[in-house]
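See below for the structure under consideration.
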Amino acid sequence: MLRLSLATVIAAIMLTTPALAAPQFAKIFTDHAVVQRDQPVTVWGTAAPSQAVTVSLNGQTATATADSAGKWRATLPVMTAGGPYSLTATAGGETATRNDILIGDVYLCGGQSNMEFAVRNSTNAWGTLMGSGNTNIRFANIQKDTQPLPLDDLTHPTEWKVSGPDVTGDASAVCYYMAKSLQARYQVPVGFINSSWGGTTLESWVGPSSLKTVPTFADGVAAVTQLGTDPAKAMANEERRQETWWDAHDKNAKSERAYIAPKYDDSKWPSLTPVGSWKAAGIEDFKAHDGVGWFRTTVDLTEAQAATANQLVLGPIDTYDTAWVNGTRVGGASTSWMWREYNVPKGVFKAGTNVVVLRVLSGGNGGGLTGRPENRAVKTSDGQYIQLKADWKYKKGMASKGLSIPPAPWNVPTSLTTLYNGMIAPLKGYHFKLAAWYQGESNVGRAEQYRTLQPLLIKDWRDTFGQPDMPFLVTQLTAYGSTASQPIESGWAELREAQRLSIANDPKAFTAITIDFGDRSDIHPTQKTIVGERLARAARVIAYGDTTLTPGGPEAISATRSGSDVIITFKSTNGGLRTYSSDMAIGFEACAGSACRYVAGSPSGDTVMLKGAGADITKVRYAWADSPFVNLFSADDMPAAPFELVVQ
């Protein structure tokens, strides 16, 4: 009879019983993270289903049980500023640890390119970077991600970084300068999370449950949601919509669809290697062509590659494109500078030769595949990058100028809700001292709609993070574009007014004015230090309760008649109004209906008199141009806010 020792039996059991893996933290929790002081600290992640998880930080503990999908969420009690500490999650005898965790103030920074704009590109960056070493300032950049449904966790890894010469250049300049100012004043650890994407519209950043309440976007939000729940049906619906558009605008659309078929014989089509606009390709037919161009190429895949191939990468295309792989539509976009990275459903790529077809409608400036050949490829889920052939077969389609194809509702940069889903929703549970928002350039021309969208976004983010009074700071659009030598209508001025009015009655929101530090020739002015410091000033009042100053500069509150004059009263002049380079204030307009004319302003204390404006004046406005010149400031050097007011 075989006798086994107890040690042998235990060893055998251990060998045949799978070890439970350590619990995992959500991707936002990395070494060097900062969590919000004076609020409950929520931590989440994954573990084995039904497994008990214990989370510890700074001597405080909380427990949670993973659900059937393995997701857990625990909430630690309120803690004061301090650290560094270790954050641990323990389950089944295994522990995951995050080191060098600080408790302090955390800021969420969002928007488009002027928020994304990095410190390394800002004015005086070298000096800033050399002096940026500060273990009490940390930041995390959320990688760009567009998703049809809200996520529980980020899909890409992130990393909290400690401010220093080697890394601070990667931080959002506006957010960094704001954080630097506030950290120096309040002497607590500060962290900021930058979740921004250049060129994007505001509606990309609003959650689906909120955005669908706006009738204009309801159908589009439903289509985006369908892309997440039934992608094949959503893509089929989008293809029908697009092809209906083509049938209505191109008499050759029906016959040219034959080009999409993988077996179509394109042997008589000429070839080119696209490296820029087709107008500059040296091809006679395309030198002055505005309209449609068709392109076909192939890529050979092994059986293993075809099984894991899941993305078609094409680089930038000018301007409107539709892409097919082996006859299946895989994507389309409508912005010339956006890189095309189309997700391809499993089974579309085949072992052997695969046919890629593009239909491109130029936007009037060029046309075609404008990137480099080496940036066109098939990507696989296991990290392979299989380049497409450099040369493409091509054929000219209809000539047309001025046409634009309405984009799919999930197409970045004009997508609906997808950036919220991929870059804001995964942070749900984190708490913040404040949010800062710098966006609006891509919504110019839709100012009336912005008056609805901006407060909707603010409420949506407050709801997402369970902070109904979360302070929200908005950077107003700066000066950019054409100047004015006579009163004109201005889309930029209207958007600024929408930003101002939409949060005027929100005591926990404020619009920081930057009109005096713009660059009329650069939509990305590099002087971000001033912008960050103005946000910091607003934060001192709105978020930190400082009563020793105003959050910003002069704001017009009324315009009243006095005979043929108009008196404009301001608040927040901080000692009285001042003018620079003149004893008169410029930039004021007196309007009778839609007819406006310039009127010099005479400042005195908290008022500006528009002398002789006229008894028929119905409204007044200030700094009403894309790139206005202004010289009206408060006594402490803050610019007066642009405005439009009805005369009482």
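Keep in mind it's a predicted model, so treat the numbers as computed, not measured.
Within 6.0 Å of CG on N124 lie no more than 12 heavy atoms contributed by other residues, nucleotides or ligands. Residue K27 places its NZ atom among more than 12 non-hydrogen atoms of other residues, nucleotides or ligands, all under 6.0 Å distant. More than 12 heavy atoms of other residues, nucleotides or ligands lie within 6.0 Å of CG in D300, so this atom counts as buried by the packing criterion.
Side-chain rings of Y480 and W492 approach one another, their centers coming within less than 6.0 Å. In this structure, the ring of Y394 has its center less than 6.0 angstrom from the ring center of F286. Less than 6.0 angstrom separates the ring centroid of W269 from the ring centroid of Y259. Ring centroid separation for the pair W205 and W197 does not come in under the 6.0 Å cut-off.
A donor-acceptor contact shorter than 3.5 Å links the side chain of Q112 to the backbone of S442. Judged by distance alone, with hydrogens and angles left aside, the side-chain atoms of S204 form a donor-acceptor pair with the main-chain N or O of S415 at under 3.5 Å. E494 contributes no side-chain N or O that, together with a main-chain N or O of A447, makes up a donor-acceptor pair within less than 3.5 Å. The main-chain N or O of T225 is found under 3.5 Å from a side-chain atom of T229 such that the two form a donor-acceptor pair. Between the side chain of S336 and the backbone N or O of D318 there is no donor-acceptor pair closer than 3.5 Å. A donor-acceptor distance shorter than 3.5 angstrom exists from the side chain of Q499 to the backbone of L477, with no hydrogens or angles considered. Of the possible donor and acceptor atoms, none in the side chain of S334 sits under 3.5 Å from a partner among the backbone N and O of Y320. Not one N or O on the side chain of N354 forms a donor-acceptor pair closer than 3.5 Å with the backbone of V325. Looking only at distances, no side-chain donor or acceptor of K254 sits under 3.5 Å from a matching main-chain atom of K251. Looking only at distances, no side-chain donor or acceptor of Q143 sits under 3.5 Å from a matching main-chain atom of T158.
One finds a salt bridge joining K279 and D290 here, because a Lys/Arg side-chain nitrogen approaches an Asp/Glu carboxylate oxygen to under 4.0 Å. Using a 4.0 Å cut-off between charged side-chain N and carboxylate O, E497 and R621 make no salt bridge. Between E203 and R446, at least one side-chain N (NZ, or NE/NH1/NH2) sits under 4.0 Å from a carboxylate O, which counts as a salt bridge. Comment: D247 does not engage R240 in a salt bridge, judged by the lack of any side-chain N to carboxylate O separation of less than 4.0 angstrom. The existence of a salt bridge linking K393 and D266 is excluded, since no basic side-chain nitrogen approaches an acidic carboxylate oxygen closer than 4.0 Å. Salt bridge E341/K144: absent, no basic N to carboxylate O contact under 4.0 Å. Salt bridge E243/R359: present, at least one basic N to carboxylate O contact under 4.0 Å.
Looking at Y385 and T380, their side chains never bring a donor and an acceptor atom within 3.5 Å of each other. Under the 3.5 Å distance criterion, with hydrogens and angles disregarded, no donor-acceptor pair is assigned to the side chains of S122 and Y176. Defined by atom type and a distance below 3.5 Å, a donor-acceptor pair is present between the side-chain atoms of S521 and D519. Residues W324 and E239 have side chains that bring a donor and an acceptor to within less than 3.5 angstrom of each other. A donor atom on one side chain and an acceptor atom on the other are found under 3.5 Å apart for D460 and S210. Inspection of the N114 and E116 side chains reveals no N or O donor paired with an N or O acceptor under 3.5 Å. At a cut-off of 3.5 Å, with distance as the only test, a side-chain donor of S490 or D626 sits close to an acceptor on the other residue. Side-chain N/O atoms of N443 and T201 include no donor and acceptor closer than 3.5 Å. Side-chain contact check for S400 and H249: no donor-acceptor pair (N or O, by modelled atom type) lies under 3.5 Å.
Shortest non-hydrogen contact noted between T529 and T123 is OG1-O, 4.4 Å.
Every residue two or more places apart in sequence or in another chain that forms a salt bridge (Lys or Arg N to Asp or Glu O under 4.0 Å) with D321 is listed here: R340.
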